[in-house]
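All chains are named by letter (A, B, ...) in the order of the sequence lines, taking the proteins before the strands, and each is independently numbered beginning at 1. Quick note: numbers below take in every heavy atom, side chains included, and nothing from hydrogens, waters or symmetry partners.
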2 protein chains.
Amino acid sequence: MTQACAHIIDDDEAIRDALQWLFKTRGVATRLWPSAEAFLEAWQADWPGCIVLDIRMDGMSGLECFEALLARGNRLPVIFVTGHGDVPMAVAALKKGAYHFIEKPFNDNDLVDLVEQAIAHDDENRQAAADRGTVEARLATLTAREREVMDLILEGKFNKVIADELAISMRTVEAHRSRVFDKMKVRSAVELAQMLTALR
Amino acid sequence: MTQACAHIIDDDEAIRDALQWLFKTRGVATRLWPSAEAFLEAWQADWPGCIVLDIRMDGMSGLECFEALLARGNRLPVIFVTGHGDVPMAVAALKKGAYHFIEKPFNDNDLVDLVEQAIAHDDENRQAAADRGTVEARLATLTAREREVMDLILEGKFNKVIADELAISMRTVEAHRSRVFDKMKVRSAVELAQMLTALR
DNA sequence: GTCGCTATTGTGGAATACCGCAAGATCGCC
DNA sequence: GGCGATCTTGCGGTATTCCACAATAGCGAC
């Protein structure tokens with residue numbers, strides 16, 4: 001499941017099959033889900049790709065599914081598909097972060113293009129998230145004391161001042177500082193600042 | 001014109017007046033424009049507030065006006081209002097960066113709420129832009145050589161290495177470095193890195 | 001208890017950064 | 001030619017960083 005794919009969630013088997021065939025001819029991998037519930041149950045945060053989500057379905061609606069995904073921190077771009085949408089619904093969905101909102105009947109090529117854009121978009125997100133992930137993983141290896149020292153380093157303070165504020169000796173600060181650089185895999189305070197400021 | 005206001009662009013005088021009255025009762029300053037052309041002619045990049053833009057108008061349409069504003073780097077949130085919109089139009093507008101898309105007839109309170117949110121949103125944007133502006137203004141005071149040195153500092157290099165790469169003496173690098181810190185109003189390379197990384 | 005991790009401190013020295021003062025050279029502008 | 005901005009360099013000295021080596025102490029896990 002490391003392969004990016006378009007998750008097609010629709011309770012109409014004929015549509016699922018038609019979309020599967022469509023995407024197959026265009027070289028886009030798909031995975032089919034007969035209901036929002038089924039998808040939510042299987043959903044994993046690290047799945048790459050995008051979601052093509054029908055709004056009107058038996059059981060949980062596409063909008064409810066979207067909300068549930070939001071609550072779980074879903075990052076996959078969601079493309080809504082509906083035959084009975086309206087402007088307020090589309091606006092609300094997009095403002096909540098949906099990737100697109102398209103009405104049936106749609107042009108096949110348009111949908112494929114959208115899905116490809118969404119998958120590419122997800123790729124970028126995923127890359128950025130991975131970068132953040134590695135930095136956070138390194139942060140996680142720091143001890144509490146090391147993090148305290150790091151914070152003060154990031155305020156541009158001298159070891160001397162840090163030693164004062166933490167009421168420890170300068171030598172100790174140096175030791176922590178050295179370990180911080182080591183664990184964060186940077187060679188200077190400047191690199192550290194850039195790495196962490198990039199996280200926002 | 002330093003006061004944030006809602007720019008109402010509509011070719012129907014009755015609607016303009018009605019909206020002006022509505023916003024006045026809710027304490028939102030407004031400015032009325034009878035056409036997209038009139039607004040575009042007067043438009044200034046530093047106006048704060050938001051835009052309420054009717055789509056169907058004689059002459060230039062709201063959508064065309066929006067495109068023109070995009071091309072000019074407009075930052076004001078745009079709220080589209082229309083009686084004849086459809087889903088694709090709304091989706092396209094939002095994906096291009098419009099703030100909202102609302103259909104007539106609309107609930108007065110909804111529109112006022114939207115406008116207030118948009119103005120608040122613009123305030124935040126403007127604050128962030130101002131921060132970027134001050135940093136960029138400082139950057140602009142740097143000489144070419146100082147910027148070169150700064151770039152190398154931001155790569156975490158020692159003065160010695162920088163001197164080598166630029167084929168100048170270490171003392172010269174120190175002089176530039178000192179002036180860079182001075183002009184950028186920072187006291188350490190760490191602060192500099194944070195200030196510039198925050199710009200993205 | 002022993003082992004491993006963490007926090008702590010010290011010594012001593014080499015490498016760098018930082019600062020004030022002074023000054024030569026180039027270049028464009030009036 | 002004179003003026004101002006910029007780039008350049010050196011001297012001498014202080015402050016800070018960085019590193020290797022060495023060592024003590026607390027604390028939780030097995």
Taking only nitrogen or oxygen atoms into account, show me every contact under 3.5 Å that the protein makes with nucleotides 16-19 of chain C, one pair per line with its distance.
from   : atom 1 : to     : atom 2 : distance (Å)
C:dT16 : OP2    : B:K160 : NZ     : 3.1
C:dA17 : OP1    : B:N159 : N      : 3.1
C:dA17 : OP2    : B:N159 : N      : 3.2
C:dC18 : OP2    : B:R177 : NE     : 2.6
C:dC19 : N4     : B:E174 : OE1    : 3.2

### Message
Could you check whether atom CZ of B:R126 has more than 12 heavy atoms from other residues, nucleotides or ligands sitting under 6.0 Å from it?
### Response
yes
### Query
Can you tell me if A:R132 uses its side chain to pair, donor with acceptor, with the backbone of A:A198 under 3.5 Å?
no
### Message
Output the rounded distance in Å from CD1 (A:I153) to P (D:dT16).
### Response
15 Å
### Message
Considering only residues two or more places apart or on different chains, which pairs with a residue in residues 51-63 of chain B satisfy salt bridge (charged side-chain N to carboxylate O under 4.0 Å, His left out)?
### Response
B:D54-B:K104
### Query
Between atom NZ of B:K183 and atom CE of B:M150, what is the distance when rounded to the nearest 0.5 Å?
11.5 Å
### Task
Go through the structure and list residues passing side-chain contact (heavy atoms from CB on, under 4.5 Å) with B:A38, not counting sequence neighbours.
B:W33, B:P34, B:S35
### Query
How many angstroms lie between CD in B:E155 and CD1 in B:I162, if you round to the nearest 0.5 Å?
8.5 Å
### Message
Using ring centroids (six-membered ring only for Trp), state whether A:H7 and A:W43 fall under 6.0 Å.
### Response
no
### Task
Assess whether atom CZ of B:R26 is packed by more than 12 heavy atoms of other residues, nucleotides or ligands within 6.0 Å.
yes
### Summary
With B for base contact, S for sugar-phosphate-only contact and - for none (protein heavy atoms under 4.0 Å), nucleotides 24-30 of chain D reads -------
## Note on the structure
Sorted by chain and number, sequence neighbours left out, side-chain contact (heavy atoms from CB on, under 4.5 Å) with A:A6 holds for A:V28, A:T30, A:C50, A:V115
Quick test: give all pairs of protein nitrogen or oxygen and nucleotides 23-28 of chain C nitrogen or oxygen below 3.5 Å, distance rounded to 0.1 Å.
none

### Task
Specify the separation, in whole Å, of atom CG of A:D164 and atom C1' of D:dT16.
15 Å
Would you tabulate the side-chain donor-acceptor contacts of residues 173-181 of chain B under 3.5 Å, counting partners in other chains and residues two or more places apart, or write 'none'?
from   : atom 1 : to     : atom 2 : distance (Å)
B:H176 : ND1    : B:R179 : NH2    : 3.1
B:R177 : NH1    : B:N159 : OD1    : 2.5
B:R179 : NE     : B:E146 : OE2    : 3.0

### Expected output: side-chain A:T197 to main-chain A:A193 donor-acceptor under 3.5 Å
yes
### Task
State which residues pass side-chain hydrogen bond (donor to acceptor under 3.5 Å, both in side chains) with A:K96; sequence neighbours excluded, sorted by chain then number.
A:E67
#### Entry: Residues A:K185, A:E191: salt bridge by 4.0 Å N-O rule
no
### Query
side-chain hydrogen bond (donor to acceptor under 3.5 Å, both in side chains) with B:Q44: which residues, sequence neighbours excluded?
none
### Five-pair end axes of the helix from C:dG1-D:dC30 to C:dC30-D:dG1 and the angle they enclose, rounded to 10°
40°
### Residue pairs, two or more places apart or on separate chains, that pass ring pair (Phe, Tyr, Trp, His ring centres under 6.0 Å) and touch residues 119-148 of chain A
A:Y99-A:H121
Please list, pair by pair, any protein nitrogen or oxygen found under 3.5 Å from a nitrogen or oxygen in nucleotides 3-7 of chain C.
from  : atom 1 : to     : atom 2 : distance (Å)
C:dA7 : OP1    : A:T143 : OG1    : 2.7
C:dA7 : OP1    : A:R145 : N      : 3.4
C:dA7 : OP2    : A:T143 : OG1    : 2.7

